[in-house]
Amino acid sequence: MGSHRRLAPTSGFNRGAGAALCVLSAAASALGALPADAAPHDHTRAEVDRLYEEAEKATEAYDKADENADTLRRQVSDAQDRIARQQQRINTMRDSLGSLAGAQYRSGGIDPTLALLFSDDPADYLDKAAVLDRVGAHQASALGELRSAMRELSQERAEAVRKLADLERSRKAVAAHKKTVEKKLARARRLLNSLPYAERAAYDRVSRGARGAIPDFGDALPASPRAAAAIAAARSALGMPYIWGASGPSGFDCSGLMQWSYAQAGVQLPRTSQEQRYAGRQIPLSEARPGDLVVYRSDASHVAMYMGNGEVIHAPHPGAAVRYDPVNMLPVSSVTRV
């Protein structure tokens, strides 16, 4: 399973050195110890690994699309509130001008220019700015303010329409990525079920991990107090299930675990592993300290938290719980200190 070969240990380490999903190197090692007659099934296991990796990429895309949809929903809601307030302001201004027109009528007739305001198309009247010089200074100021307010309202409505269109596109993207993830994971599960019982049991056993096994993290100190708090949060999630698209507290995907852990430390990380790699200062792997984010693969499709002495904690893939693994379980692309 060449895509999951272990890297050469990085200097400075004494040992060892997502929205699917990571850490299949451990499963590959366990399965590699099976008898020679398991060889015909190597292709099946490799295909499962590939599907998990592709599903993880799709999960990160799903997470991003879902985040965009949430942002757009808030923006649309804010725009609707602004439109309602602006409409109320315009209604108040028109009521005020209507009172002024009534006063003029009672005192001897309404100015013909004010009459235009209450015609079937008052906006057409407002566009004819030249008529403003035919009314008094107070009326001109009020009409000018109303004209400006109506223009702002028109712009707000146009922006709201654009945001609604963006939201609909984002919703479709979320649905498409969700479908992609589910199809790949379903195929991976079918392939796993096609394996002989002994191989399938070995794969599942490694995927579940050993919740009670705590590696030796050495004596390295966290990079900062907030990193220490994030480490404590991540460790509290040990054994929680991998759930794609989830960011806690009862389940996580790889980037969701990092976001949730740092949120407990008062730090708001971006949602995806691609964005998290730029959420701080990038450093060499040889300088990694507990709490740093370790990003994997050239496309940054998986992320874990460095714990010390060549170990990380992360949410691996469906069927696996949050667990510890060697930092070099997958090709490391960058390390970020938040």
Side-chain angles (χ1 to χ4, degrees), residues 1 3-4 18-28 31 41 43-73 166-195 199-201 203-209 237 239-260 270-276 295-304 314-323 325 329-330:
M1 296 166 55
S3 63
H4 297 293
L21 307 169
C22 317
V23 193
L24 296 169
S25 57
L31 294 173
H41 303 289
H43 176 73
T44 298
R45 297 194 301 270
E47 180 67 5
V48 170
D49 290 352
R50 185 185 67 80
L51 288 166
Y52 273 162
E53 181 175 340
E54 290 180 356
E56 182 164 52
K57 295 175 183 179
T59 297
E60 291 300 294
Y62 167 88
D63 289 342
K64 182 60 179 175
D66 194 46
E67 182 182 49
N68 287 343
D70 286 342
T71 298
L72 286 166
R73 276 190 285 268
D166 289 344
L167 177 57
E168 182 59 27
R169 285 192 292 270
S170 188
R171 284 172 175 162
K172 289 180 179 178
V174 169
H177 290 307
K178 180 178 181 180
K179 185 176 181 180
T180 298
V181 174
E182 290 175 337
K183 285 175 63 177
K184 291 183 181 298
L185 294 181
R187 174 161 171 73
R189 178 48 58 185
R190 287 196 299 270
L191 287 171
L192 282 174
N193 290 339
S194 73
L195 292 172
E199 291 189 59
R200 186 168 70 251
Y203 197 106
D204 289 341
R205 185 167 56 251
V206 172
S207 292
R208 285 194 296 272
M240 291 292 185
Y242 180 102
I243 300 175
W244 70 267
S247 55
S250 57
F252 306 87
D253 60 23
C254 66
S255 56
L257 176 62
M258 300 301 106
Q259 186 185 52
W260 179 83
R271 180 62 182 91
T272 67
S273 55
Q274 288 86 358
E275 295 170 311
Q276 288 175 1
V295 180
Y296 294 92
R297 305 191 187 102
S298 59
D299 60 359
S301 56
H302 187 66
V303 63
H314 67 144
H317 58 81
V322 174
R323 71 188 187 201
D325 271 300
M329 59 187 176
L330 293 169

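- Taking every heavy atom of both residues into account, S250 and M240 meet most closely at O-SD, 4.0 Å.
- Looking at every heavy atom in both residues, P316 comes nearest to A321 through CD-O, 3.1 Å.
- For the pair I243/F252, no side-chain contact is recorded, criterion being any heavy-atom separation below 4.5 Å from C-beta on.
- Residues forming a salt bridge (Lys or Arg N to Asp or Glu O under 4.0 Å) with E168 (at least two apart in sequence, or on another chain): R171.
- Here the closest non-hydrogen pair linking A237 and L257 is CB-CD1, 3.8 Å.
- Considering all non-hydrogen atoms of both residues, W260 and P249 come closest at NE1-CB, 4.0 Å.
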For this session: Dump the intermediate steps for side-chain contact (heavy atoms from CB on, under 4.5 Å) on V322 and Y242, then the final yes or no.
Result: CA-CA 7 Å; V322 174; Y242 180 102; over 6 Å; no

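- Listed by chain and residue number, E47, L51, R190, L191 satisfy the side chain to side chain contact (heavy atoms under 4.5 Å, CB included) test with R187 (two or more places apart in sequence, or in another chain).
- Checking each of E56, Q276, R271 against S255 for a side chain to side chain donor-acceptor pair (under 3.5 Å) leaves exactly one that passes, namely R271.
- Interatomic distance, CG of D325 versus NE2 of H314, reported as 3.5 Å (0.5 Å rounding).
- In this structure E275 satisfies the side-chain hydrogen bond (donor to acceptor under 3.5 Å, both in side chains) test together with K64, T272, sequence neighbours excluded.
- Of the N and O atoms on the side chains of S273 and E60, at least one donor lies less than 3.5 Å from an acceptor on the other residue.
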